[in-house]
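Just so it is clear: chains get the letters A, B, ... in the order the sequence lines come, proteins before strands, and each one is counted from 1. Every value quoted in this text rests on a predicted model; they were computed, and no experiment measured them.
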Protein chains: 4
Amino acid sequence: MALSRTGPVRSEAARLAILDAAVSLFTERGYDHLTMEGIARRAGVGKQTIYRWWPSKGDVIAEAILEGRLLGGRRDLPDTGDARADLAAWLTDLFTLRASPDGEGLLRSLVAAAAGSAETGRRLRAEILAAPLSHRLSQAMGGITGPRLDAAADALLGAVILRALSREDFGQDDMLLLVDAIVGPAAR
Amino acid sequence: MALSRTGPVRSEAARLAILDAAVSLFTERGYDHLTMEGIARRAGVGKQTIYRWWPSKGDVIAEAILEGRLLGGRRDLPDTGDARADLAAWLTDLFTLRASPDGEGLLRSLVAAAAGSAETGRRLRAEILAAPLSHRLSQAMGGITGPRLDAAADALLGAVILRALSREDFGQDDMLLLVDAIVGPAAR
Amino acid sequence: MALSRTGPVRSEAARLAILDAAVSLFTERGYDHLTMEGIARRAGVGKQTIYRWWPSKGDVIAEAILEGRLLGGRRDLPDTGDARADLAAWLTDLFTLRASPDGEGLLRSLVAAAAGSAETGRRLRAEILAAPLSHRLSQAMGGITGPRLDAAADALLGAVILRALSREDFGQDDMLLLVDAIVGPAAR
Amino acid sequence: MALSRTGPVRSEAARLAILDAAVSLFTERGYDHLTMEGIARRAGVGKQTIYRWWPSKGDVIAEAILEGRLLGGRRDLPDTGDARADLAAWLTDLFTLRASPDGEGLLRSLVAAAAGSAETGRRLRAEILAAPLSHRLSQAMGGITGPRLDAAADALLGAVILRALSREDFGQDDMLLLVDAIVGPAAR
DNA sequence: TGATAATCGAGACGGTACGTCTAGTCTTGGT
DNA sequence: ACCAAGACTAGACGTACCGTCTCGATTATCA
């Protein structure tokens with residue numbers, strides 16, 4: 001016998017309002033200033049409605065990212081034919097991206113989210129960033145797949161993350177050097 | 001002639017008590033659960049004494065790391081003659097390290113600290129992890145230096161950071177593959 | 001139609017716990033040692049719950065007094081038929097009253113509260129002390145009312161306050177003289 | 001044999017700077033906002049220099065008042081020949097006086113000081129306010145002295161204090177009524 | 001004429017309380 | 001059962017003062 005349930009079903013309007021609010025607050029003030037209270041206020045939603053569906057602010061953000069609300073089309077790499085240049089451009093864009101015009105680096109905020117939320121961490125590598133990167137990288141490296149490709153993708157993305165954390169400035173040239181260090185040898 | 005000031009001098013005992021407290025709380029509960037209030041309580045110190053010398057908990061931790069209180073000897077790489085194996089072993093150790101027996105990964109906590117504190121971020125790459133790594137890595141790569149070496153070191157360390165954030169398990173073999181992806185071609 | 005609001009309603013249990021705590025701390029240690037933090041601790045209540053309903057400790061005490069928790073029956077004057085003696089006895093009692101067995105004078109603490117809190121100041125004269133006094137005083141002075149009565153009541157109560165502030169000792173005889181100075185002439 | 005002492009003697013400059021600072025801060029912000037730290041800062045003096053000579057801020061203020069720095073000539077009553085009007089005018093002035101142009105009532109601040117400091121309390125009645133009042137009052141009441149005069153003075157001054165605490169407005173007419181209530185009967 | 005000792009400005013120290021903010025839970029009334 | 005609203009306990013935030021202490025420099029008196 002199936003378990004039956006009565007009452008209204010989850011409100012899609014509330015879900016969207018919450019994700020919208022979370023995204024706009026994240027881009028305005030960064031992950032550390034993001035609060036459940038603030039999301040609820042801006043979304044015009046009771047706090048309980050958030051806690052009912054997400055265990056933490058990290059998971060709200062994880063879902064928002066997953067739906068492409070934070071990075072939009074930026075997850076996809078350009079394809080100009082020059083794989084080396086495409087990769088460097090994409091990495092530079094990721095590195096340079098600000099959450100808001102005068103705000104924190106978006107990548108750094110993303111790392112903060114990943115450090116605090118298992119779900120975001122999982123997705124950061126598996127779906128959000130590493131996955132789109134992998135595809136183009138595979139082409140550049142002669143169609144390799146498997147652990148060898150994963151290592152290269154992790155190395156590229158990880159280096160940019162580490163550099164974002166270091167607060168130093170890196171430009172297009174540095175990224176090209178980075179791409180060469182990982183892709184170059186295989187391409188030579 | 002410099003302006004001189006008289007009066008009591010900074011208490012070294014208080015400084016040490018604060019760093020000790022910060023380190024023990026960090027290893028017990030991780031960076032996110034670390035609080036100024038908690039540090040002051042455990043150190044037996046007024047909160048103002050912390051704020052007088054450090055702007056944030058991130059900077060307290062940064063100083064503790066800098067003095068080797070968090071990583072101890074682990075910052076130095078082994079030297080068995082087999083550079084490839086040494087690097088993989090060191091990375092695996094870093095990846096595996098727990099803050100406490102049942103605790104969070106120490107590397108992940110370190111990344112959280114770096115994401116929140118500019119000072120820790122700067123040092124994470126410049127002094128704490130990348131620097132010791134660079135030396136051994138240079139040997140393994142035929143004595144190269146400069147941006148090419150930096151790129152390799154960032155790639156190696158960054159990959160491990162990204163993998164730590166992803167919460168997946170990686171073992172010695174994966175690290176060896178990683179080392180090969182970056183060092184290998186040059187070493188071959 | 002009035003704007004309606006839904007949601008949880010103010011907790012009467014919390015309100016009472018706060019007033020109880022405030023009163024017991026006030027009588028134990030006096031107004032200057034009374035703290036919001038201490039009230040919250042003893043009441044087993046979050047600080048925010050106090051700040052939500054009262055702007056300052058003075059207003060908490062004002063409400064406690066208004067509900068008769070601090071002076072109890074002492075606000076009412078005795079009626080033995082001898083108005084002169086009744087008034088003197090009441091004033092002496094007020095003057096002599098300690099907040100706790102070994103504590104500060106309660107009247108002095110009350111004055112401190114009134115000096116610091118507009119609400120308490122207002123009520124000290126209007127409701128708490130002067131009002132009960134006025135009634136009996138009117139009888140003693142041949143049923144007068146209005147500004148003339150107010151002046152007499154203020155003079156009587158004010159004199160006792162001033163004497164409490166002076167830390168000198170005054171006894172029943174002094175109070176009788178005081179009553180005579182204000183009521184006497186009219187009663188003679 | 002007398003105990004001998006060597007070393008520099010108390011600095012009069014420091015004493016004056018402290019009293020000046022205390023007075024100016026008192027008149028600017030009132031007794032409750034007066035702090036030892038603030039006095040020291042404004043006076044350009046070490047905190048210890050204050051604590052060496054005065055046990056509390058109340059005692060600093062008490063000394064300042066005693067030297068006429070707070071009330072100046074206002075402690076003396078006018079003498080126009082009309083004692084009744086002189087008394088009312090003096091009381092009104094006392095009641096109306098602001099600590100600063102836009103500040104708290106000075107009398108209320110004085111009462112706060114008296115409630116908190118035994119020394120100030122003692123002097124408020126004995127020397128500062130009641131004493132000057134007594135002289136003129138004695139004339140107005142036919143030269144009486146002793147407890148009867150004290151009662152009248154306490155009643156007059158006390159009434160004004162109580163009214164200041166109540167935050168209500170009282171004008172010249174009210175004060176005249178008050179004077180009549182206490183002086184009048186005897187003068188009739 | 002030193003040595004001695006109390007003074008001074010400055011400010012670090014261990015604490016307590018401030019008033020605000022957020023976490024996560026619970027309660028109410030409405031849909 | 002869900003929702004918006006928001007009160008509840010709990011506790012951290014960063015700041016302001018408390019009263020004590022330590023520091024080095026500066027006087028005065030006494031040996």
Classify the nucleic acid contact of A:R15 as base, sugar-phosphate or nothing, counting any heavy atom under 4.0 Å across all strands shown.
nothing
Picking from E:dA12, E:dC18, F:dC8, which would you name as closest to the side chain of C:T35?
E:dC18
By nearest heavy atom, map A:R41 and C:S56 onto DNA chain E; which one lands nearer the 5' end?
C:S56
E:dG14 C1' sits how many Å from B:I39 CD1, rounded?
16 Å
Could you state the atom-to-atom distance from CZ of A:R29 to P of E:dC21 in whole Å?
12 Å
In whole angstrom, give the distance that lies between atom CD of C:E12 and atom C1' of F:dC8.
15 Å
Under the 3.5 Å rule, do the base of F:dG11 and the side chain of C:K47 count as making a donor-acceptor pair?
no
At less than 3.5 Å, do the side-chain atoms of A:E37 and the base atoms of E:dC21 form a donor-acceptor pair?
no
Round to the nearest Å and state the distance from C:I18 atom CD1 to F:dA7 atom C1'.
12 Å
Under the side chain to side chain contact (heavy atoms under 4.5 Å, CB included) test, which residues partner A:R122, sequence neighbours left out?
A:A118, A:E119, B:R167
Quick one: which of F:dT26, F:dC3, E:dC8 gets closest to the side chain of D:R10?
E:dC8
Please pick, from F:dA12, F:dT15, E:dT22, the nucleotide with the shortest atom-to-atom distance to any side-chain atom of B:Y51.
F:dT15
CZ of B:R52 versus P of F:dG14: gap in Å, rounded?
16 Å
Is the cationic atom of B:R15 (NZ for Lys, CZ for Arg) positioned less than 6.0 Å from the six-membered ring centroid of B:W53 and within 45 degrees of its normal?
no
Give a yes or no on whether the backbone of C:A114 and the side-chain of C:S117 come within a donor-acceptor separation of less than 3.5 Å.
no
Can the positive tip of D:K57 be found less than 6.0 Å from the middle of the six-membered ring of D:F26, inside 45° of the ring normal?
no
Using whole Å, report how far NE2 of B:H33 lies from C1' of F:dA10.
14 Å
Looking only at F:dC18, E:dT7, F:dC3, the nucleotide nearest the A:W53 side chain is F:dC3
Protein-nucleotide distance (B:I50, atom CD1; E:dC13, atom P), rounded to Å:
11 Å
Could you go through A:E37 and A:K47, starting from their C-alpha distance and side-chain angles, then the distance that decides it, and tell me whether this counts as salt bridge (charged side-chain N to carboxylate O under 4.0 Å, His left out)?
CA-CA 7 Å; A:E37 198 115 347; A:K47 284 203 288 177; 3.1 Å; yes
From C-beta outward on A:T49, which listed nucleotide comes closest to its side chain: E:dA6, E:dC8, F:dA4?
F:dA4
Among F:dC13, E:dC26, F:dC23, which nucleotide has an atom closest to any side-chain atom of B:T6?
F:dC23
Is the shortest distance from a Lys or Arg side-chain nitrogen in C:R69 or C:E63 to a carboxylate oxygen in the other one below 4.0 Å?
no
Could you check whether B:G44 gets within reach of a base, just the sugar-phosphate, or nothing at all, counting any heavy atom under 4.0 Å?
sugar-phosphate
Tell me which of C:P8 and B:A43 sits closer to the 5' end of DNA chain E, going by the nucleotide each one is nearest to.
B:A43
Of the nucleotides E:dC8, F:dA16, F:dA7, which has the atom closest to the B:Q48 side chain?
F:dA16
Separation of atom NZ in C:K57 from atom P in E:dT16, rounded to whole Å:
17 Å
Can you work out whether A:A40 or B:M36 has the more 5'-proximal nearest nucleotide on DNA chain F?
A:A40
